[in-house]
Structures are given as C-alpha cells and as structure tokens.
Amino acid sequence: MQQTSSFIRSFVRREGRFTKAQREALQLHWAHYGIEPGQEELNLDKLFVKKQPVVLDIGFGNGESLIALAKQHPELNFLGVEVYQPGIGNLLRNTFAAKLENIRVINTDVVELLNNSIATNSFAAVLIWFADPWPKKRHHKRRLIQVPFLQLLAEKLVVKGELNIATDWQNYAEHIQETVKQSGLFEELPSSTFIQQRPQTKFERRGEKLGHKVSDQVYIKKTN
C-alpha cells in the first residue's frame, strides 16, 4: 500500500529539549501506548481496549488538550500524531498517570501515515488545533490545510465525519475557510457534534497573550 507523496512538509522536524521525566516516559510507556506503522493498514479497532469511534488528533503538541479530551470523552478513542518527541514524552507520562486507555500515539508525518497506513472511512473526526500558520507569504505553500490534504482527510473520514480546526492567526483562518470551500468536500457547522468544549492549549494561551483572536471552524464531510 506504500505510496509516494508530493506533499510539501508542513513542519520542521526538531528534537527539542527533553526533561528527565519526558525521556523516562518514552522509554517506559511507548511500548504500551505507541504505535509503529508498517507496510499494512492499521486495524484501529485492535489498537484500543474498547471498540468505539476513533478521533485523529493531528499535532497534539505537549498533549495537554488530548489528555483533557480523553478524560471528557471515554466513549471515544483518540489517535494522536506528533513529530515532536518531548511532547510525546509528556503525553505518555500524563496518560499513564491518568490510567487512560483511549489514547494511542504515533510519531510520524501525518501525510505518510494517512497515505500508507489508514483505510478509508476510519475516523469519526479529525482535530487540527493550532497547526503552524507559516505566516510569511513565501512559506504559505507549507501550510497543512491545502486542497490535496483535505481530499486525503475526506477519504479517511466516515460519512458525515467531522473536521475540527482552530487557529489564532487571522490570515490562516481566512486561508482555511477559502481552501475548504475550494475543495467542495465539507459543509460548515455552527459547532462540533463531538467536542462540547474544546480544551484550551498552550499555543492558544500564547496567542491570547499576543492579542490574537482565536478562530474555531467545524466542518462535516459531505455525503456526495
């Protein structure tokens, strides 16, 4: 099922600085919560203790919001994808401490994951909260939300699956609205059908301190 990808990477891979607790959590808990995608499609039902709808969280950062969601919604399973290993270590430490079994983690490029390891109609919802806005015009091509990526997400979402996006950059918010409309694949909703209250993230708090206005956008996959 391996496919080549023409997508431009929307992130810069960086190791960052580990705390002792984060590094220990990676060593101790990755075997339980971490997933290593191979050449075949992942069977999402077998990744979790309970068979229930799966939500994909793209770029969960330090895992703060993902932990809160998993606690608030035990009826959902959450698959978190992140390339920043200290953030993964932080998530694993807190997931273990909270004894949560509805979280699993993958350390990879989400485009590669979706292309090579995820079957169609797999996710009930996809969360993209405070992705890198790449504010400089010459970097706009690196923004994650582009029509080809939306096409890939639509393929992996179930019928009437939800796409939930948040950003604190007005220019990016406008880009997202325009790009989603251009794709013709999603219909805007007034609010989420899954998440009653979105947990605040570290990036959101940072944006608010800078005076940025937060834009929440919720879409549902069209049926035709």
Side-chain angles (χ1 to χ4, degrees), residues 5 7 9-39 41-44 46-50 54-74 76-118 122-134 142 144 149 152-153 156 164-167 195 198-207:
S5 174
F7 287 84
R9 277 192 171 173
S10 65
F11 62 90
V12 176
R13 190 179 289 276
R14 65 197 194 284
E15 287 303 315
R17 297 179 64 180
F18 282 91
T19 65
K20 181 181 178 182
Q22 289 169 347
R23 193 175 295 279
E24 287 181 349
L26 268 175
Q27 295 170 347
L28 293 172
H29 306 309
W30 177 258
H32 183 75
Y33 299 105
I35 306 299
E36 299 285 356
Q39 299 300 314
E41 289 179 349
L42 293 171
N43 185 330
L44 298 184
K46 291 185 177 181
L47 299 185
F48 298 91
V49 173
K50 294 182 180 180
V54 180
V55 175
L56 177 67
D57 187 350
I58 299 174
F60 55 76
N62 67 2
E64 178 184 14
S65 60
L66 182 49
I67 291 286
L69 284 175
K71 290 178 178 178
Q72 293 170 11
H73 296 278
L76 299 173
N77 289 327
F78 294 89
L79 180 63
V81 182
E82 179 57 70
V83 295
Y84 184 54
Q85 288 202 334
I88 293 174
N90 195 65
L91 175 76
L92 294 178
R93 181 171 64 89
N94 291 320
T95 299
F96 176 77
K99 296 181 171 59
L100 296 171
E101 284 296 345
N102 60 336
I103 291 180
R104 293 295 182 265
V105 187
I106 296 181
N107 175 210
T108 192
D109 178 355
V110 70
V111 173
E112 294 177 6
L113 174 72
L114 293 174
N115 269 324
N116 302 322
S117 304
I118 302 296
S122 288
F123 299 117
V126 173
L127 313 178
I128 308 175
W129 292 344
F130 303 95
D132 195 330
W134 294 100
R142 289 188 173 274
L144 182 61
F149 185 65
L152 186 57
L153 288 183
K156 307 306 179 181
N164 192 308
I165 306 174
T167 181
I195 311 302
R198 177 176 57 75
Q200 193 176 50
T201 72
K202 178 182 72 173
F203 296 102
E204 182 175 7
R205 290 192 294 272
R206 181 186 301 169

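For clarity, every value in this text was computed on a predicted model and none was experimentally measured.
- Considering all non-hydrogen atoms of both residues, Leu100 and Tyr33 come closest at O-CE2, 3.3 Å.
- Atom CZ of Phe60 sits about 9.0 Å away from atom CD1 of Ile67, to the nearest 0.5 Å.
- For Asn90, the side-chain hydrogen bond (donor to acceptor under 3.5 Å, both in side chains) criterion is met by Arg93, not counting sequence neighbours.
- With contacts defined as side-chain heavy-atom distances shorter than 4.5 Å, the pair Asn102/Lys50 does not qualify.
- Phe149 places a side-chain heavy atom less than 4.5 Å from the side chain of Leu153.
- Across all their heavy atoms, Lys71 and Ala98 have their closest contact at CE-CB, 3.8 Å.
- Residue Leu79 comes nearest to Val105 through the heavy atom pair CD1-N, 4.4 Å, listed as atom of the first residue, atom of the second, then distance.
- For the side chain to side chain contact (heavy atoms under 4.5 Å, CB included) with Leu56, the qualifying choice from Ile128, Leu127, Leu114 is Leu114, the only one to do so.
- Residues forming a side-chain hydrogen bond (donor to acceptor under 3.5 Å, both in side chains) with Asn94 (at least two apart in sequence, or on another chain): none.
- Between the CD atom of Gln22 and the CD atom of Glu24 there is a distance of 11.0 Å, given to the nearest 0.5 Å.
- Considering only residues two or more places apart in sequence or on other chains, Glu101 meets the side-chain hydrogen bond (donor to acceptor under 3.5 Å, both in side chains) condition with His32, Arg104.
- Counting only N and O atoms by type, the side chains of Trp129 and Asp57 include no donor and acceptor under 3.5 Å apart.
- Once rounded to the nearest 0.5 Å, the distance linking CG of Leu92 with CD of Gln85 reads 10.0 Å.
- Annotation: side chain of Phe18 is in contact with side chain of Leu26 (closest heavy-atom distance under 4.5 Å).
- Between Asn77 and Leu44, every side-chain heavy-atom pair lies at or beyond the 4.5 Å cut-off.
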Open item on the list: Working note: Leu113 + Leu42, criterion side-chain contact (heavy atoms from CB on, under 4.5 Å); need CA distance, chi angles, decisive distance, verdict.
Closed with: CA-CA 10 Å; Leu113 174 72; Leu42 293 171; 4.2 Å; yes
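- For His73, there are no ring pair (Phe, Tyr, Trp, His ring centres under 6.0 Å) partners, not counting sequence neighbours.
- In this structure the side chain of Phe48 reaches within 4.5 angstrom of the side chain of Val54, judged on heavy atoms.
- Residues meeting the side-chain contact (heavy atoms from CB on, under 4.5 Å) test with Ala97, sequence neighbours left out: none.
- The side-chain heavy atoms of Leu69 and Pro199, taken from C-beta on, include a pair separated by under 4.5 Å.
- Screening Ile118, Asn107, Ile106 for a side chain to side chain contact (heavy atoms under 4.5 Å, CB included) with Pro37, the sole residue that qualifies is Ile106.
- Applying the side chain to side chain donor-acceptor pair (under 3.5 Å) test to every pair with at least one member in residues 58-68, sequence neighbours left out, gives these pairs: Glu64-Arg205.
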